[in-house]
Each structure stands twice: as structure tokens, then as C-alpha cells.
Protein chains: 2
Amino acid sequence: MAAISGGKTYHHGDLRNALICAAVHLAADGGPERVVLREAARRVGVSPTAAYRHFDGRGELLRTVKVHAQRLLADSMERAAAREPGADDPSLAAERRLVALCRGYVGFAVDQPGLYRAAFCVARPAGAEEPSSGPPQAEPEIRAFTLLREALEGLAKAGGPRPGFRPAAGAAAWSAVHGLSLLLLDGPLRRLPAQRRDDVVESTLAMVVSGTRVL
Amino acid sequence: MAAISGGKTYHHGDLRNALICAAVHLAADGGPERVVLREAARRVGVSPTAAYRHFDGRGELLRTVKVHAQRLLADSMERAAAREPGADDPSLAAERRLVALCRGYVGFAVDQPGLYRAAFCVARPAGAEEPSSGPPQAEPEIRAFTLLREALEGLAKAGGPRPGFRPAAGAAAWSAVHGLSLLLLDGPLRRLPAQRRDDVVESTLAMVVSGTRVL
DNA sequence: GCCCGATGTTGACCGCATGAACATTCCGGG
DNA sequence: CCCGGAATGTTCATGCGGTCAACATCGGGC
């Protein structure tokens with residue numbers, strides 16, 4: 001029927017995606033807590049309960065947004081790494097890649113605070129608190145982390161295989177950029193002037209790189 | 001009157017503190033989002049709106065809890081540092097103190113996830129979004145950060161005054177422990193078995209210490 | 001002893017999440 | 001071509017939380 005003529009049909013046709021899109025926009029300005037089911041429905045022009053045909057409640061909507069946000073974060077990292085020219089010295093290249101990835105990480109957090117926070121929000125399955133429910137359901141393995149870990153492995157390899165390298169180094173690096181991002185967003189480093197902020201970022205990256213050498 | 005006899009009086013007598021206490025308990029299990037005004041009032045045995053005589057709404061209650069939580073965090077750090085024996089080599093002592101403080105930090109986060117999250121939650125003043133409202137109102141200077149910074153300064157001094165030391169090093173160290181804490185709490189490092197968790201913590205602390213040397 | 005201000009209480013309104021029952025549409029047999 | 005069930009939306013209703021206005025009560029200073 002007249003889907004072309006702008007007329008509204010009883011059946012939306014692609015409500016799920018429309019809701020996700022609206023929810024992502026909500027998260028983008030206001031973070032995860034502003035992802036409100038009713039509001040998303042309103043924006044799409046549909047009754048609130050319609051969303052329940054596509055999501056198991058607000059929790060699942062949020063979780064979907066979260067996945068999206070994580071993807072965007074990883075994209076930002078890869079883009080930053082791709083922009084990095086240094087393909088000269090291969091051993092240096094590994095380090096540059098790591099730093100570029102981190103820059104992309106923090107950059108995303110600063111540019112898209114709402115989405116960044118959404119990417120790491122806790123969206124409990126609607127009233128779950130007990131750890132004893134079924135299998136531990138392995139984490140979907142976040143690409144952002146994979147990128148960091150691989151970069152670190154590349155760095156370790158480039159510097160010659162050293163014995164002390166621990167996989168936990170990835171977590172350490174991640175901790176640094178994650179913590180830095182959050183402190184800059186909501187944390188006490190919020191109102192930092194841009195110049196000082198860069199300073200802090202550089203220092204932290206230096207710590208990561210240097211720390212990587214001893215891990 | 002019969003405050004002693006357990007009889008309830010119309011006037012509570014110390015409602016503000018009672019509410020804060022209840023709210024802190026709520027935060028302790030469930031984090032900031034579970035700090036619900038009505039629930040706190042219920043636990044104290046008072047009507048919901050009574051709270052408005054002492055707080056400017058839920059936001060202020062939460063902010064009060066936040067301050068409390070930050071204090072507890074700093075306490076945990078100092079306690080950890082006090083437990084640290086190493087008073088032998090003064091130059092080593094500085095490093096040990098730094099590590100102990102960090103351990104106390106992460107330890108608090110792991111032991112009191114709800115409070116830790118409350119300590120860093122964003123409690124906006126009831127619908128504020130515009131950055132252009134009055135003076136930047138300096139942050140109250142979080143003691144946890146001060147402890148870290150001072151420890152780093154002590155470390156720098158102990159190693160002989162080096163030129164390159166930047167104050168941003170404090171932020172870098174903080175970023176690491178903060179990020180680590182959050183990844184362990186809600187983040188992807190959540191369900192990590194305790195043993196691996198310690199591994200990650202150690203690696204991160206090693207990164208901090210080593211990074212400190214180059215900053 | 002009385003009155004005012006501080007402190008609580010009731011009642012009401014609004015937004016949100018969610019579930020039950022009902023309506024509309026689409027689509028694949030017959 | 002027609003029908004019935006599956007999808008997909010809608011309306012109505014419940015319960016919770018934040019918050020405001022109007023009213024009640026207490027306690028202390030005059």
C-alpha cells in the first residue's frame with residue numbers, strides 16, 4: 001500500500017531497527033540512562049508497548065544499543081590506526097599502532113560520551129542478581145579489547161620474543177585507556193581545559209607503552 | 001519525650017542522617033541507581049516527602065552518598081598503606097606506598113562495588129546540561145586522588161629529582177586503577193576467576209610503577 | 001500560655017516499565 | 001477469491017518513583 005506516499009500504515013514495517021536507531025540517538029546525547037523505551041517509541045511514532053513485540057523490555061533495547069556502541073568504538077580505533085602513517089620501522093610501527101588505537105579509543109569516548117558510556121553500561125536482564133543462573137555465558141569478546149591485545153602481541157613480537165610477556169598486559173592497557181576515558185567524561189577530570197587534557201592523555205599513553213615493555 | 005522507649009515521635013530528630021545512612025546502605029548493595037528516595041524514607045519509617053525537608057530531591061541525596069563513598073574509598077587506601085610494613089629502604093618505601101595505595105583502591109572497588117560506583121556516579125543537579133552556568137565551581141578535590149599524587153611525588157623525590165616528572169602522572173596512575181576497577185566490576189573482566197584477577201591487578205600495578213619512572 | 005517556624009503527612013500529578021486483552025494486517029492454504 | 005492464524009500494534013490498567021501543594025504537629029522562644 002501507500003508506504004511511498006508518506007501515509008502511516010498500521011504496520012510499521014521495520015520497527016525493530018527504527019527503535020534501535022532512535023535508542024542509539026538517545027544514548028548519543030544523554031548516555032544509557034536516557035535510553036527510555038517510551039521515548040524511543042514516541043520518536044518512531046508508535047505506542048510504547050509496541051516495542052515489546054521486538055524487545056524483551058527496556059533491558060534488551062539497551063543491550064542492543066550497547067552492542068552498537070561497542071562496534072562504533074572499535075571502528076573509531078581502527079580508523080585512528082589506519083590514519084597512522086608510520087610504516088617505516090616495523091618495530092616502531094607496532095608501537096605506533098598501539099598508541100594510535102588508544103588515541104582512537106579515548107577520542108571516541110571524548111567525542112561520543114553518551115555512546116561510550118552506553119558501550120560499558122550494565123544492562124541486567126530485568127532483575128537478575130544471583131550469579132548462579134546457568135552457564136557463565138562467555139562474554140561476546142569485545143572487539144575493542146581484541147584490537148588492543150593484538151597490538152600488544154605485535155609489539156611483543158617486534159621487540160623480539162621476551163619471556164615475561166603476560167596476556168594480562170592487554171587488560172592493563174585497557175584499564176588505562178578506559179579509566180582515562182571515564183575520568184575525562186564524568187569523572188573529576190571533566191572540566192579540564194583541552195590543553196591539559198591532551199597532556200594527561202599523552203602521559204597515560206606513555207605509561208601504557210612503557211608499562212608494556214616490562215610486562 | 002519517649003525517644004528512649006522506642007515510641008515513634010512525630011519529629012524524627014535526626015532524619016537527615018538517618019536518610020543518608022539508609023541511602024548509603026542502599027548504594028552499598030545495588031549501586032547508585034538503587035538509591036531511591038522513597039525506599040530510603042521507607043526504611044527510616046517516614047513518609048517519602050519528608051526527605052524534601054532535608055534534601056533538594058533525590059539528586060542531592062545521591063550526591064551526599066557520593067561524598068561518603070569517596071571518603072570510604074580514601075580510607076581504604078590509607079588503611080592499605082598503613083598495613084604496608086616496608087619502612088626499610090626509603091626509596092623503596094615510596095614505591096611500596098604507591099602500590100599499597102593502589103591495592104587499597106582496587107580492593108575497595110572489589111569489596112564494595114556499589115559504593116565504589118556511587119563514588120563516581122554522575123549526579124546532575126536535576127536537569128542541568130548547559131556548561132554555561134556560573135563559575136566552573138572547582139571540584140572538591142577528591143582525597144583518593146590526592147593520596148595518589150602525593151605518593152607519586154614522594155616517589156619522584158626519592159628517585160632523585162628528575163626533570164621530566166609531570167603532574168599528569170597522577171592522572172595516568174589514577175586512570176589505570178580506576179579503569180581496572182570498573183572493568184573488574186561491571187566490565188568485561190567481571191566474571192574473571194579470582195586468580196586471574198590478581199594477575200591482572202599485578203600487571204596493571206607493574207605498569208603504573210614502570211610508567212611512573214618515565215613520566 | 002501562645003505563636004511561628006521546622007518538620008512530617010496526605011493527596012495528587014506525571015512519567016516510566018510492563019502485562020493483558022483487543023484490533024488490524026499480512027499471507028499462505030483451500 | 002476467501003479465510004483463518006500469525007505478526008504486529010493499540011488501548012487499558014497496575015505499580016513504582018520523583019516531586020509539589022496543602023495541611024498537621026511539635027518545640028522553643030517570647
Side-chain angles (χ1 to χ4, degrees), chain A residues 1-5 7-23 26-27 30-65 121-129, chain B residues 1-5 7-23 25-27 30-65 118 121-129:
Chain A
M1 69 94 65
I4 304 126
S5 64
K8 299 186 52 165
T9 65
Y10 191 90
H11 282 175
H12 179 287
D14 192 23
L15 187 51
R16 181 167 221 274
N17 278 76
L19 285 172
I20 293 175
C21 182
L26 283 174
E33 55 274 3
R34 193 168 300 178
V35 175
V36 164
L37 204 137
R38 284 175 105 99
E39 175 65 16
R42 222 171 289 141
R43 297 204 174 185
V44 176
V46 92
S47 90
T49 51
Y52 284 84
R53 299 294 179 192
H54 303 275
F55 299 95
D56 193 14
R58 176 196 137 118
E60 197 187 321
L61 179 58
L62 224 193
R63 248 167 290 130
T64 308
V65 170
C121 71
V122 270
R124 312 197 185 282
E129 279 309 326
Chain B
M1 72 93 65
I4 303 127
S5 64
K8 300 186 52 167
T9 66
Y10 190 89
H11 283 177
H12 180 286
D14 192 24
L15 187 49
R16 181 166 222 277
N17 277 73
L19 285 172
I20 293 175
C21 182
H25 280 251
L26 283 174
E33 56 273 2
R34 193 167 300 177
V35 174
V36 163
L37 203 138
R38 284 175 111 104
E39 175 66 17
R42 224 171 288 143
R43 296 205 175 184
V44 176
V46 93
S47 89
T49 52
Y52 283 82
R53 299 295 180 193
H54 304 275
F55 298 95
D56 192 15
R58 177 197 136 120
E60 196 186 320
L61 179 58
L62 224 195
R63 248 169 288 131
T64 308
V65 170
C121 71
V122 271
R124 312 197 186 282
E129 279 308 326

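The structure presented is a predicted model; accordingly, all values stated were derived computationally and were not measured. Convention: sequence-line order gives letters A, B, ...; per-chain numbering from 1.
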Hey, what are the protein-to-nucleotides 12-16 of chain C N/O distances that come in under 3.5 Å?
residue, atom, partner, partner atom, Å
dC16(C), OP2, Arg42(A), NH2, 2.5

Q. In whole Å, what is the span from the CZ atom of Arg34(B) to the P atom of dC16(D)?
A. 15 Å
Q) Whole Å only: how far is the CD atom of Glu33(A) from the C1' atom of dG18(D)? A) 16 Å
**Q.** Gap between atoms OH and C1', on Tyr52(A) and dG19(C) respectively (whole Å)
**A.** 8 Å
**Q.** Spatial distance of atom CZ (Arg34(B)) from atom CG (Leu62(B)) [nearest 0.5 Å]
**A.** 13.5 Å
(Q) How close do Arg63(A) and Ala123(A) get, counting heavy atoms only, and between which atoms? (A) NE-O, 3.3 Å
Q.
Whether His54(B) contacts dA6(C) is assessed here as follows: a side-chain N or O lying under 4.0 Å from the phosphate OP1 or OP2. Is that the case?
A. no
Q: For Glu39(A), check salt bridge (charged side-chain N to carboxylate O under 4.0 Å, His left out) against everything at least two apart and list the hits.
A: Arg42(A), Arg43(A)
Q) When you measure from the side chain of Arg58(B) to the backbone N and O of Val35(B), does any donor-acceptor pair fall under 3.5 Å? A) yes
Q. Roughly how many Å is it from CG in Leu61(B) to C1' in dT19(D), rounded to a whole number?
A. 14 Å
Q: Mind calculating the distance between CZ (Phe55(A)) and P (dG19(C)) to the nearest angstrom?
A: 16 Å
Q. For Ala51(B), what residues pass the side chain to side chain contact (heavy atoms under 4.5 Å, CB included) criterion, not counting sequence neighbours?
A. Leu19(B), Leu37(B)
Q.
Distance check needed: dC26(D) C1' versus Asp14(B) CG, whole Å only.
A. 17 Å
Q | Atom pair SG/CZ of Cys21(B) and Arg16(B) - distance to nearest 0.5 Å | A | 13.5 Å
**Q.** For atom CD of Glu60(A) and atom P of dG19(C), their distance in whole Å
**A.** 13 Å
